[in-house]
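Just below is one structure, and these are the notes that go with it.
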Amino acid sequence: MADNSNRLQPGRRQFLSKAAATATLLALAPGVRLVDLARARAEDEPVTAAVRWGMLIDTTKCAQGCDACVRACDTEFGLTTSDRPEIDAHYIRKLDIRDEHTGKTYSLPMLCQHCEHPPCVDVCPTGASFRRADGMVLVDKHTCIGCRYCMMACPYKARSFIHEELTTQLSHAPRGKGTVESCTFCAHRVDRGQMPACVESCAAEGHHAMVFGDVNDASSEIGKRVRQVPSRQVRADLNLNTAVRYEGL
Amino acid sequence: MKTAHYRTIEGRSAGYYGLLGLLTVIVLAGLAAAHYMEVEGHHVTGMNNQIVWGTPHVFAVFLIVAASGALNVASVASVFGRAMYKPLARLSGLLAMTLLVGGLAILVLDLGRPDRLIVAMTYYNFKSIFAWNIFLYIGFLAVVVMYLWMMFERRMNQYSTTMGYVAFIWRLVLTTGTGSIFGFLVARQAYDAAIMAPMFIVMSFSFGTAVFLLVLMAAYRWTACTLGDAIVHRLKNLQGIFVAGTLYFVLAYHLTNLYAAEHHGIERFLLIDGGVYPTIFWTIQIVLGGLVPLALFYLPMFRRSRIWIGVGAALVIIGGLGQVYVIIIGGQAYPLMMFPGTEVSSNFFDGAVGTYTPSLPEIVLGVGGSAFAVLLTILALRVLPFLPRSLSDADLTTDGGPSAVADEIRSAQT
């Protein structure tokens, strides 16, 4: 009987093993999720150059006539149109391209290329235009004086000046009349471990033409793709080492 | 060497007060235009997200370039030792300062956030040529103030030549900085060229001398003082060389571009089919601002006439404004070349020529800033003795002595 008292009953043993498995799963799951969420960091943790956010756009998958990425961006940042399209702000836009010699047409999204050597940052007199350690090129809205020199300097026409009083700003996207703005790579989303709005919408449409992630991480999807598939930078002659690359051009 | 005697202008005539009043009204209108643009936002201007720098920048860059050129006359006296120009050095320094202040006022008032001027003064990115220019402009004003003080203050006269050298070097660096605003822009086909800096220097010689000549002629005409032919004709000849020099740089710029297939698009645009820009280039910049002044300055039938010399100088200014317009606005209007050999289109006007029509507020701001420069000049002329009492031929010393003056007059008459 004494032996029997030390032996676990089958029902009890089953319960304990299930409990242990559940505890292990609960302990590991957040870690697994952290890896999934593109290495999200705590809000008070500084960004580092260990990460370089980048985007790979497969032009062969980018559908002509589809502007899901543009609409998603407009919604995410509260961008609106006016009665004068020349002054509207565009963070991302679809370019329709036709080869003059072969007649081949294709389409691709153009946005801030988040250069490693951004001309906009070089020319900004106050340093309002800056590059975050993880490669995102942003505008400090508190020190932008609205001189527009960055717009003169950008080879990609990525920046917009705000010509009118705005009333539709969103709390995560501070904007204002008299300053310059552009694509932020959805820093507010990426810092929370989410994908940029354009990338998410492209996937939701089923095109999967945009891949976003840490290009320094050879095991990430983008890290693998840029190492395996030929891709190119727009205006590669300027040697700006853009974070946005295009495949199939 | 004769000692020049200087005077203030009396400034009590109806003409003086009339001019003062007119300029004040224009300056106030400029301020009102800037206020309107700031309150409403830049959508009330012709500028947009394609043409981000407009008419205010044309006036501002012209005035800033002319400012450093206006100092030429002083430099010719101090650095190149031409004694004949010495009496004109004070006016030269004054114009250098007032033109710069007028240009900077326009530039600042056109900012998207002019209320953040203090930010521009306290946050610096030293890789930016704009940030450098802020120091170059302020430093230029300081250097010219010192230079003027050394010319005005008898005890300091001995240092004025040294200060003249400092000012001369500073103005060369300053205009290199202004030209490099465009020269350093790798993105655009019309810019990204080292020739921008020296071209702007020669443009500054030309525009600055033209403004100086007109102000000098007006000041002496309206105060009924003697302005001899010798000095006017020397300045005119100098002006002619600068006009030719500017034409040479424009030619070198376009020839270099024309040689490279990658620039054929922008050249075709600026010289042939770019709409208003080739028209301004050929008629205003080249013919009115270059060839006609050269004819007026050197053809026997015109070159003796003060009126035609004045007209020539005015045309240099008009041509200069046209040239800066083509550089700044024409350069932006041509679309960015992201994919050479393709036709690009989008709802953000990619691949399309930028549209721009100067708006009234922009023009009023630009003219207002220019009027501010003139207003400061005529106020200063009344307060301090900038002008020599007489610039008659007999009162001027040339480097070759009185006989050289006689030669100058003779050559002017033949």
Side-chain angles (χ1 to χ4, degrees), chain A residues 67 70 81-82 84-90 93-101 104-106 110 119 121-130 140 142-149 151-157 159-166 176-180 234-235 237-238 240 249, chain B residues 38-45 47-53 107-108 110-117 119-120 122-134 181-182 184-188 191 331-332 335-351 354-356:
Chain A
D67 65 347
V70 179
T81 52
S82 68
R84 216 183 128 198
E86 294 91 345
I87 63 165
D88 289 348
H90 294 260
R93 61 198 193 271
K94 281 296 292 288
L95 300 187
D96 293 310
I97 304 172
R98 182 182 167 278
D99 191 300
E100 281 174 359
H101 308 290
K104 164 79 179 148
T105 60
Y106 50 101
M110 180 52 63
V121 172
D122 289 346
V123 301
C124 177
T126 65
S129 204
F130 70 102
D140 180 344
H142 299 287
T143 48
C144 174
I145 57 173
C147 72
R148 288 103 78 198
Y149 197 19
M151 299 175 74
M152 294 289 279
C154 177
Y156 308 103
K157 206 181 173 196
R159 294 205 155 178
S160 299
F161 179 68
I162 302 309
H163 290 72
E164 289 180 288
E165 197 74 63
L166 297 178
K177 182 186 73 181
T179 57
V180 173
V234 175
R235 296 267 353 229
D237 59 313
L238 298 176
L240 304 174
L249 274 184
Chain B
E38 191 192 352
V39 171
E40 288 292 319
H42 275 61
H43 77 97
V44 296
T45 72
M47 290 178 268
N48 51 51
N49 279 330
Q50 284 59 240
I51 308 285
V52 302
W53 287 354
L107 216 50
V108 166
D110 176 76
L111 290 176
R113 295 294 303 261
D115 54 313
R116 288 185 179 169
L117 185 59
V119 173
T122 47
Y123 287 78
Y124 287 106
N125 163 29
F126 286 103
K127 202 177 174 186
S128 167
I129 188 70
F130 250 24
W132 276 88
N133 280 345
I134 295 171
I181 289 174
F182 303 97
F184 287 180
L185 289 176
V186 295
R188 294 178 188 267
Y191 310 140
Q332 291 175 85
L336 287 170
M337 284 289 112
M338 279 181 276
F339 300 95
T342 63
E343 289 164 9
V344 181
S345 62
S346 76
N347 65 347
F348 197 33
F349 305 95
D350 286 278
T355 54
Y356 173 78

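A note on names: the letters A, B, ... follow the listed sequences, proteins ahead of strands, and every chain is numbered from 1. Note that this is a predicted model, so its numbers are computed, not measured.
Residue contact with chain A, scored on non-hydrogen atoms closer than 4.5 Å, involves the backbone and the side chain of B/Glu343 alike. For A/Leu249, the part lying near chain B is the side chain, with the backbone staying farther off; criterion is any non-hydrogen pair under 4.5 Å. The contact between B/Met337 and chain A is made entirely by backbone atoms, counting heavy-atom distances below 4.5 Å. At a 4.5 Å heavy-atom cutoff, the contact between A/Leu238 and chain B is made by side-chain atoms alone. At a 4.5 Å heavy-atom cutoff, the contact between A/Cys154 and chain B is made by backbone atoms alone. Both the backbone and the side chain of A/Arg98 have a heavy atom closer than 4.5 Å to some heavy atom of chain B. Contacts of A/Val180 with chain B are absent, with no heavy-atom separation under 4.5 Å from either backbone or side chain. In this structure, chain B has heavy atoms under 4.5 Å from both the backbone and the side chain of A/Tyr156. Heavy-atom distances place both the backbone and the side chain of B/Leu111 under 4.5 Å from chain A. Of the two parts of B/Val39, only the backbone, made up of N, CA, C and O, holds a non-hydrogen atom closer than 4.5 Å to a non-hydrogen atom of chain A. Looking at B/Thr45, only its backbone comes within 4.5 Å of chain A, counting heavy atoms on both sides. For chain A, no part of B/Asp115 is nearby; none of its heavy atoms comes within less than 4.5 Å. The part of A/Asp88 that comes within reach of chain B is its backbone (N, CA, C, O), which places non-hydrogen atoms under 4.5 angstrom from that chain.
Put simply, the side chain of A/Lys177 gets close to the backbone of B/Glu38: a donor and an acceptor are under 3.5 Å apart. Between the side chain of B/Asn49 and the main chain of A/Ser160, no donor-acceptor pair closer than 3.5 Å is present. Under the 3.5 Å distance criterion, the side-chain polar atoms of A/Arg93 are left unmatched by any main-chain donor or acceptor of B/Ser346. With hydrogens and angles ignored, the 3.5 Å screen pairs no side-chain donor or acceptor of A/Glu86 with any backbone N or O of B/Gln50. Side-chain N or O atoms of B/Arg116 include one that pairs as donor or acceptor with a backbone N or O of A/Cys144 at under 3.5 Å. A donor-acceptor pair is defined here as one N or O able to donate and one able to accept, closer than 3.5 Å; such a pair exists between the side chain of B/Ser128 and the backbone of A/Val123.
Annotation: A/Tyr106, atom OH; neighbour count of heavy atoms from other residues, nucleotides and ligands within 6.0 Å is above 12.
B/Asn125 and A/Cys124 get closest at one heavy-atom pair: ND2-O, 2.8 Å. Across A/Arg84 and B/Met47, no two heavy atoms sit closer than the pair NH2-O, 3.1 Å. Of all the heavy atoms in A/Pro125 and B/Ala131, the pair that sits closest is O-CB, 3.7 Å. B/Val52 and A/Met151 get closest at one heavy-atom pair: CG1-CE, 3.4 Å.
Of the listed residues (A/Ala128, A/Gly127, A/Pro119, A/Cys147), the one with the most heavy-atom contacts under 4.5 Å to chain B is A/Cys147. If you tally non-hydrogen atom pairs under 4.5 Å between each of B/Ile129, B/Ile181, B/Ile134, B/Val186 and chain A, the highest count goes to B/Ile181. When each of A/Met152, A/Lys104, A/Arg159 is scored by its heavy-atom pairs under 4.5 Å with chain B, the top score falls to A/Met152. Interface remark: of the candidates B/Tyr123, B/Trp53, B/Tyr124, B/Phe339, B/Trp53 forms the most heavy-atom pairs closer than 4.5 Å to chain A. Annotation: maximal heavy-atom pairing with chain B below 4.5 Å, among A/Glu164, A/His142, A/Lys157, occurs at A/Lys157.
By the side-chain contact (heavy atoms from CB on, under 4.5 Å) test, A/Asp96 pairs with A/Ser107, B/Ser345, sequence neighbours left out. The side-chain contact (heavy atoms from CB on, under 4.5 Å) test applied to B/Pro340 returns no partner, not counting sequence neighbours.
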**Asked** side chain to side chain contact (heavy atoms under 4.5 Å, CB included) between B/Asn347 and A/His90: does it pass, once the steps are laid out?
**Response** CA-CA 9 Å; B/Asn347 65 347; A/His90 294 260; 3.7 Å; yes

**Full working for side chain to side chain contact (heavy atoms under 4.5 Å, CB included) between B/Asp350 and A/Met110** = CA-CA 10 Å; B/Asp350 286 278; A/Met110 180 52 63; 5.6 Å; no

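For the atom pair A/Ile97 CD1 and B/Met338 CE, the distance stands at 8.0 Å (nearest 0.5 Å).
For the ring pair (Phe, Tyr, Trp, His ring centres under 6.0 Å) with A/Tyr149, the qualifying choice from B/Phe184, B/Tyr191, B/Phe130, B/Phe182 is B/Phe130, the only one to do so.
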